[in-house]
Amino acid sequence: MGREIVSKENGRHAGAPVEGKQRHIILDALRGFALLGICLANYPEFSLYSFLEAEPREMFPTATIDYVVQWCLYILIDGKFYTIFSLLFGIGFSIILENNRKRGANGTLIFYRRMFLLFLIGLLHLLLIWSGDILMLYALVGMTLPLFLRCKDRTLLIWALVFLGLPVIIDYVCQFTGVYLSSNLVEWQWLLCDRFGITQENFAYWLRDARSYGDMHNFLLMGAVERMQEFVDGNRYFKVLGLFLIGFWLGRHRVFARLEEFRKILKTVCIAGLCLGLPLSAIYAWSAMQGKPFGFGTHSLFYFISVYLTSFGYISTFCLLYLHHKEWQWWKVMSYPGRMALTNYIGQSAIGVMIFYGVGLGLGADTGLVYGEIIAFAVFFLEIAFSAAWLRFYRFGPLEWFWRCLTYLRLFPLRKQERL
């Protein structure tokens, strides 16, 4: 997620993180914005609201407003911020590979070591904290990027479009043939449910009622298999790779550092993305709320034509606002959590566990959707305050520092006054 430079040390080239003055605030602020959307998207699952059947949802005092909030989430949030986050990962990956290669370091070796470490972080997150992890998939898919390092721009974008469109084709084929690629994973998931005593009746309440970490961990093990099923059913690996390649192209051309040159294109993308993407997202939301009445192939098509348009509309609007109002302090405020994206992403999970699961306050499955989203906003603002305070004294977030030290096999100074 960070950008890297290479310096001479002991007569050889070595990678090193970018210093604060070399960072582009637009990337950090956009990453912070993506973290807000991810928090809003994930907290219905942390609060266990997403696991509830229709009847208990309707018994909440907030049921009517929850219904409106759910529509808004599908239209404005669902899929959009994960798209932005994936693009930013692609940009970061391209900069790591290109900069290290140009400066003589073994950029590919550094990159693979970085991806392996990210995979381990994601695996621990998946198995020990929350079964909705995305980092492990990012690491595995990211390992394919060096294969595209020498591709021409046109080839890169063609591959990106192919990978983004492929899930629609696969879903239609599965719909018409009746072949479901995740059937073995579903069977494995319910075998684990039978082993741990997780049933259809207690599924939504298990994590709330868990009074020991052992009970919670049993659900996480089952949830890890369910997460693999979600990746397969959603063809998520193709979507992520397509977005990584677009981010790779953006990073290769340093678009984030040349926004003024792309002002006209940004305006076009902004108008098309929001004027077309948001109405189409309303159709996607209707399909989701009605249980995909035209089948999951058509629902996948609705996703394809709405989510990506809206996501690029968000990004271009964000960049245009930055060009018009660079003096806003809001950019600096949003950049704080963005500079510690890994720490804050894992932190959102840890806080969600402490608030909603039985090992913490146990508020899950008893909280209406609107209250869950208010809590998500509060968690994000807490992360802004924490990140601002932390970065006042330290160069990197704690997990970012750990990740960099292991990536480059050297100890970087963490405190700002330290010199190693």
Side-chain angles (χ1 to χ4, degrees), residues 1-7 9 14-40 42-43 81 84-85 88-89 91-92 95-96 99 114 117-118 121 125 129 135 256-257 259 318-319 321-323 325-355 374-420:
M1 285 184 284
R3 292 174 291 115
E4 317 297 330
I5 61 175
V6 177
S7 61
E9 182 182 24
V18 166
E19 295 295 332
K21 293 181 180 180
Q22 296 171 299
R23 300 186 70 95
H24 291 273
I25 194 170
I26 183 63
L27 283 182
D28 290 328
L30 190 56
R31 195 175 290 112
F33 179 58
L35 279 170
L36 169 60
I38 287 170
C39 194
L40 292 172
N42 287 343
Y43 264 56
F81 289 88
I84 297 172
F85 210 50
L88 290 167
F89 260 87
I91 291 173
I95 296 172
I96 294 168
N99 283 1
R114 189 172 178 84
L117 291 168
L118 183 64
I121 293 171
H125 181 223
I129 302 177
L135 299 177
F256 53 86
L259 291 179
F318 199 90
C319 292
L321 284 172
Y322 175 74
L323 287 175
H325 303 284
K326 291 184 179 180
E327 75 283 358
W328 283 358
Q329 287 298 307
W330 190 77
W331 309 113
K332 188 174 183 181
V333 170
M334 290 298 288
S335 74
Y336 289 134
R339 288 175 62 184
M340 295 172 47
L342 179 61
T343 297
N344 285 315
Y345 174 73
I346 301 294
Q348 288 175 4
S349 299
I351 295 173
V353 168
M354 289 187 289
I355 293 174
I374 290 172
I375 291 172
F377 272 111
V379 168
F380 181 72
F381 288 124
L382 176 65
E383 290 187 325
I384 290 178
F386 170 74
S387 300
W390 179 275
L391 292 170
R392 183 178 178 183
F393 302 102
Y394 300 100
R395 297 171 183 269
F396 316 108
L399 288 181
E400 285 75 11
W401 174 78
F402 178 75
W403 190 17
R404 281 164 169 80
C405 288
L406 291 181
T407 295
Y408 294 99
L409 303 179
R410 50 181 292 211
L411 188 64
F412 292 104
L414 180 58
R415 291 187 65 89
K416 287 189 174 180
Q417 66 269 29
E418 289 183 29
R419 292 291 184 270
L420 292 182

Exercise for the section: List the steps, then state whether side chain to side chain contact (heavy atoms under 4.5 Å, CB included) holds for Leu321 with Trp331. Expected result: CA-CA 10 Å; Leu321 284 172; Trp331 309 113; 3.8 Å; yes
Exercise for the section: Begin from the C-alpha positions of Gln348 and Leu35 and carry the test side chain to side chain contact (heavy atoms under 4.5 Å, CB included) through to its verdict. Expected result: CA-CA 9 Å; Gln348 288 175 4; Leu35 279 170; 4.1 Å; yes
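Using a 4.5 Å cut-off on side-chain heavy atoms (C-beta onward), Trp401 and Leu411 make contact. The shortest distance between side-chain heavy atoms of Val333 and Phe381 does not fall below 4.5 Å. Contact check for Ile375 versus Ile351: no side-chain heavy atoms found under the 4.5 Å cut-off. Residues Trp330 and His325 fail the side-chain proximity criterion, which asks for heavy atoms closer than 4.5 Å. Under the 4.5 Å side-chain criterion, counting only non-hydrogen atoms from C-beta, Tyr394 is not in contact with Lys416. Inter-residue side-chain proximity for Arg410 and Cys405 is flagged as unmet; no heavy-atom pair is nearer than 4.5 Å.
Trp390 places a side-chain N or O within donor-acceptor distance of the main-chain N or O of Phe396, the cut-off being under 3.5 Å. A distance-only check finds no donor-acceptor pair linking the side chain of Glu383 to the backbone of Thr343 [under 3.5 Å]. Proximity of a side-chain donor or acceptor of Glu400 to a complementary backbone N or O of Leu342 within less than 3.5 Å is detected. Of the possible polar contacts, one joining the Tyr43 side chain to the Gly352 backbone as a donor-acceptor pair under 3.5 Å is found.
Heavy-atom minimum distance, Gly397 versus Leu391: N-CD2, 4.5 Å. Across all non-hydrogen atoms, the minimal contact from Arg31 to Gly338 is CD-O, 3.2 Å. The two residues Arg395 and Arg339 come nearest to each other via the heavy atoms O-NH2, 3.9 Å. Annotation for Leu88 and Ala34: closest pair CD1-CB, 4.5 Å, computed over non-hydrogen atoms. Pairing each heavy atom of Gly32 with each of Pro337, the nearest pair is CA-CG, 4.2 Å.
A perpendicular orientation is assigned to the rings of Phe89 and Phe85, their planes being inclined by more than 60° (bins at 30° and 60°).
A distance of 8.0 Å separates OH in Tyr336 from CD1 in Ile25, rounded to the nearest 0.5 Å. Remark: Ser335 OG to His24 NE2 distance equals 13.5 Å, nearest 0.5 Å. In this structure, OG on Ser349 lies 11.0 Å from CG on Asn344, to the nearest 0.5 angstrom. Taking CG of Leu117 as the start and CG of Leu135 as the end, the distance is 12.5 Å to the nearest 0.5 Å.
Centroid-to-centroid, the aromatic rings of Phe412 and Trp403 stay 6.0 Å apart or farther. The ring of Tyr322 has its center no closer than 6.0 angstrom to the ring center of Phe318.
No more than 12 heavy atoms of other residues, nucleotides or ligands sit less than 6.0 Å from atom CZ of Phe402.
Exactly one of Phe380, Phe377, Phe81 qualifies for a side-chain contact (heavy atoms from CB on, under 4.5 Å) with Leu40. That residue is Phe377.
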